[in-house]
Amino acid sequence: MSLRIYNTLTRRKEPFQTLEPGVVRMYVCGPTVYDNAHLGHGVSLLVYDIIRRYLEYKGYQVRHVMNYTDVDDKIIQRARELGEDPQALAERYIQAFEQNMRDLGVRWPTVQPRVTREIDWIVRMVQGLVEKGFGYVVDGDVFFDVSKDPDYGKLSGRKVEDMLAGARVEVDERKRHPADFALWKASKPGEPAWESPWGPGRPGWHIECSAMNLHHLGEQIDIHGGGRDLIFPHHENEIAQSECYTGKTPFVRYWVHNGMLLVRGEKMSKSLGNFITVNDFLQQHEADVLRMLLLQAHYRSPINYDDARLQQAQQALERLRGAMRPAYPEAQGADAATLQALEAEQRAAVQGFEAAMDDDFNTAVALGHLFNLVRAINRARDAGATAAQLAPAQETLRRLAEDVFGLHLTPETVTGDIAPLVELLLEVRQELRRARQYALADRIRDGLAALGIVVEDTPQGSVWRRA
RNA sequence: GGCGACGUAGCCAAGUGGUAAGGCAGGGGCCUGCAAAGCCCUGAUUCGCGGGUUCGAAUCCCGCCGUCGCCUCCA
């Protein structure tokens with residue numbers, strides 16, 4: 001079985017082959033830190049977390065770089081509004097973002113570069129582009145000359161000529177071509193600035209990612225990820241800069257773009273004001289619900305966000321977790337046919353799961369296989385399987401759902417173990433039930449429920465769990 | 001206006017040439033003192049609409065309708 005990944009550049013699924021055997025160089029566009037992250041950012045974090053987890057599951061060592069854009073127009077503007085130092089503001093939101101990352105349970109990137117710490121690399125790159133004739137200097141600004149790059153537009157499927165017609169934005173008169181973009185921007189008084197051959201200034205909008213890729217991963221990388229909304233102009237420009245600078249093609253072997261999170265059919269975004277912050281979400285729901293919402297769809301499709309869907313995701317999550325419940329207390333062991341079926345389903349689930357994930361990370365299908373395993377486990381438990389008989393299948397489910405999907409199936413153990421007390425109560429309750437003292441028995445069950453402990457009676461004994 | 005996606009049961013969603021996965025919700029049954037959970041059974045003769053190609057299409061082609069994204073900072 002081999003992994004295939006959809007490449008935005010070729011618009012096809014392609015067999016995944018790394019530049020260096022066993023190692024994946026993966027770069028994912030991180031946030032511009034001028035405000036708290038919303039669920040759109042959360043989706044992106046989770047999508048690439050799941051992709052990375054699966055690559056690691058397959059045995060790859062993943063060098064995962066995620067950048068912070070900590071200097072740009074919005075940060076400067078926001079800092080001015082708040083009377084705060086732009087660097088301090090960026091630092092504050094980086095901290096907030098990393099707390100979100102911890103809360104969402106994503107695996108930590110190998111490197112998290114910041115623009116302000118990469119200025120040397122950026123200047124070197126801009127200078128190189130100017131020397132090779134791909135950039136030109138005007139009044140301390142440096143622009144990239146798209147007409148010098150015959151490949152320009154190949155990622156987004158645009159032609160430079162077409163863009164002239166569609167240009168709705170007022171064009172900087174100093175540009176040679178309307179599609180030219182800034183590599184370096186001369187700074188105005190009071191703005192953050194670094195020395196450069198062209199005078200004090202700061203990096204343009206796209207050069208940072210090219211420079212950080214070069215610095216931390218090399219001239220060519222395996223996977224570059226980001227939201228679909230970054231295809232143009234951001235990633236298009238990144239390719240132009242990197243390939244013109246190094247002379248090597250392709251800069252990126254697999255361009256991966258995740259679909260947008262939609263609210264009432266529109267993209268969740270700051271400018272539309274229809275966003276929910278990660279913090280607000282986590283106030284109401286656990287992180288796994290968002291993860292589940294994504295797993296049920298495909299990462300390239302847009303995902304609608306609404307309460308009904310959240311509810312469905314929550315229910316599906318509970319069903320998955322239900323399979324991890326222990327064997328019944330008085331289980332006598334299941335019959336051979338049931339155990340054989342369980343074992344067969346376990347194998348089929350692993351195989352189906354891997355085949356689905358190998359097919360461009362088809363999590364919805366992979367999840368379907370997990371649910372098949374859930375049914376087999378529940379069936380075996382009902383048939384009286386012992387803990388030892390359930391264990392292998394449950395461990396398989398746990399491994400796939402937790403290690404690869406990043407979900408949490410088993411509740412955290414709480415300090416101050418209450419198990420002996422609950423069990424004592426259940427023993428008493430069992431005697432009451434035998435004596436047909438149902439009113440009292442129900443009082444115990446209701447009382448425990450109020451304390452967050454669910455009691456369930458089965459033919460093979462009563463079990464309890466935290467709600 | 002240009003570029004690119006998408007439209008599958010009440011809802012979410014997979015499937016891109018061989019006769020419709022999975023989840024949620026609903027209905028019926030089993031189990032239970034009741035409940036919860038679980039298990040079993042149950043749902044599209046049909047995949048936005050209209051043509052065409054094919055022995056055969058949700059899957060390919062053409063047209064139409066609708067939705068969304070990008071073309072400007074954006075995960």
Side-chain angles (χ1 to χ4, degrees), chain A residues 8 11 28-32 34 37-48 66 69 72-74 77 153 156-159 161-170 179 205 225-234 236 257-262 265-272 275 292-293 295-298 300-304 306 308-320 322-323 325 328 352 356 359 362-372 374-375 377-383 433-434 436-439 441-442 445-446 449 454-459 463 465:
Chain A
T8 307
R11 302 204 179 93
V28 181
C29 283
T32 300
Y34 71 100
H38 65 238
L39 288 178
H41 301 105
V43 165
S44 198
L45 280 171
L46 292 173
V47 163
Y48 296 102
M66 190 196 75
T69 300
D72 102 322
D73 292 346
K74 284 193 170 172
Q77 188 191 327
S156 55
R158 285 156 216 266
K159 294 191 176 73
E161 311 87 73
D162 292 343
M163 282 187 276
L164 266 170
R168 293 189 305 190
V169 189
E170 34 190 303
W205 305 325
R228 289 186 83 93
D229 54 355
L230 294 180
I231 293 172
F232 189 90
H234 187 59
E236 191 70 72
H257 291 99
N258 61 285
M260 298 290 101
L261 188 65
L262 308 179
E266 285 182 312
K267 177 172 129 182
M268 178 178 286
S269 72
K270 285 275 191 263
S271 44
L272 286 169
F275 61 91
M292 203 64 183
L293 193 72
L295 289 168
Q296 288 181 302
H298 187 97
R300 280 190 277 121
S301 311
I303 299 169
N304 264 298
D306 66 50
R309 258 165 270 233
L310 239 40
Q311 183 61 236
Q312 289 183 8
Q314 173 76 51
Q315 292 299 327
L317 181 61
E318 292 308 327
R319 176 155 170 81
L320 221 45
R325 291 178 195 185
Y328 296 136
D359 183 16
N362 194 333
T363 55
V365 169
L367 191 60
H369 289 286
L370 256 35
F371 280 110
N372 289 339
V374 164
R375 179 172 298 105
I377 291 171
N378 289 337
R379 215 179 263 159
R381 187 192 300 98
D382 278 1
R433 289 178 74 210
R434 283 206 188 96
R436 307 182 74 82
Q437 302 259 21
Y438 295 122
D442 287 350
R445 186 173 64 192
D446 294 345
V454 180
V455 176
E456 294 169 356
D457 302 323
T458 81
V463 295
R465 63 187 166 85

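To find a chain, count down the sequence lines: A is the first, B the second, and so on, and within it residues start at 1.
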What is the nucleic acid contact for [X], judged by heavy atoms within less than 4.0 Å: base, sugar-phosphate only, or nothing?
{"X": "A:Glu266", "answer": "sugar-phosphate"}
{"X": "A:Asp73", "answer": "nothing"}
{"X": "A:Gly40", "answer": "base"}
{"X": "A:Val454", "answer": "nothing"}
{"X": "A:Asp457", "answer": "base"}

Nucleotide nearest [X] (side chain, heavy atoms from C-beta), chosen from [options]:
{"X": "A:Asp229", "options": "B:C73, B:A75, B:G38", "result": "B:A75"}
{"X": "A:Arg309", "options": "B:G33, B:C74, B:C12", "result": "B:C12"}
{"X": "A:Asp442", "options": "B:G4, B:G33, B:C12", "result": "B:G33"}
{"X": "A:Arg325", "options": "B:G23, B:A37, B:C34", "result": "B:A37"}
{"X": "A:Gln315", "options": "B:C74, B:C40, B:A25", "result": "B:A25"}

Is the base of B:G33 stacked against the aromatic ring of A:Tyr438, taking ring centres under 5.5 Å apart and planes under 30° as the test? yes

Without decimals, in angstroms, what is the distance between A:Leu320 CG and B:G22 C1'? 12 Å

Tell me whether the side-chain N/O atoms of [X] come closer than 4.0 Å to OP1 or OP2 in [N].
{"X": "A:Lys270", "N": "B:A75", "value": "no"}
{"X": "A:Arg319", "N": "B:C39", "value": "yes"}
{"X": "A:Asn362", "N": "B:A14", "value": "no"}

From the list A:Arg381, A:Arg375, A:Arg379, side chain to side chain contact (heavy atoms under 4.5 Å, CB included) with A:Ile377 holds only for A:Arg381

Nearest-angstrom distance, P atom, B:A14 to B:U53: 31 Å

Using atom C1' in both nucleotides, what's the gap between B:A57 and B:G51 to the nearest angstrom? 14 Å

A:Met292 and A:Leu317 have their tightest heavy-atom pair at CE-N, 3.9 Å

For A:Ala323 and A:Asn378 the tightest heavy-atom approach is CA-OD1, 3.7 Å

Nearest-nucleotide wise, let me know which of A:Arg379 and A:Gly30 is further upstream toward the 5' end of RNA chain B. A:Arg379

